[in-house]
Amino acid sequence: MPDNPVLQDGVGDSDGLDRLWTPHRMPYLRGENKPLDESSGACPFCRIPSMSDAEGLVVHRGRLAYVVLNLYPYAPGHLLVCPYRHISDYTETADAEAVEIADLTRSAMRVIRAVSGAQGFNIGMNQGSIAGAGISAHLHQHVVPRWSGDANFMPVIGQTKVLPQLLTETRALLARAWPS
Ligand SMILES: [Zn+2]
């Protein structure tokens, strides 16, 4: 299984993103980029905004929050909406931050749907390591597009392979489609 490409069959109808998923050769290193501690200095979500869009895989920059492609997607086009502030819990958001996170989440859904024809979404936040948050110190909302039959992806998550170029293409595709 490790050397087999992820099959496209069963992913669903042909769409703008599934071709970007095709030949995966780079090992998925679980835990790579995981911060050493809870501080903002070690936090990738604090570091990303200082990078270029292409380097950081940033799709859109808002006033209080930004949208970034997940480096370890559960599905093609898997986005994260993050406040710029290094806060861990949803209850710590200021009203304006909560509003902007909600607004960017809606835009993310619209853009992904327009670009890829996603048939559904999983949206949510894992709060705390116990709840599955990989980077629990910095709040992030997952926007995961779903297609009929995409459960076929689930068995391969542990072996997922992603080429950086594919993520770069996906980022550009979504950024171009983002309403200005
Ligand atoms: Zn942070």
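Numbering of ligands and ligand atoms starts at 1, following listing order. Worth saying up front: this structure is predicted, and the values here are computed from it rather than measured. For the numbers below, each heavy atom of this structure counts, side chains included, while hydrogens, waters and symmetry mates do not.
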Quick one: are the ring centres of His140 and His138 less than 6.0 Å apart? no
Can you tell me which N/O/S atom of His138 has the shortest distance to the Zn ion (ligand 1)? ND1
What's the shortest heavy-atom distance between Phe45 and Tyr66, and which atoms? O-OH, 2.6 Å
Note: SG(Cys46)-the Zn ion (ligand 1)-ND1(His86) angle, rounded to 10 degrees, equals 100°
Considering only heavy atoms from C-beta outward, does the side chain of Val68 approach that of Val59 to under 4.5 Å? no
Does the side chain of His142 reach to within under 4.5 Å of the side chain of Met125, using non-hydrogen atoms? no
If I take every N, O or S atom of Cys82, is at least one of them less than 2.8 Å from the Zn ion (ligand 1)? no
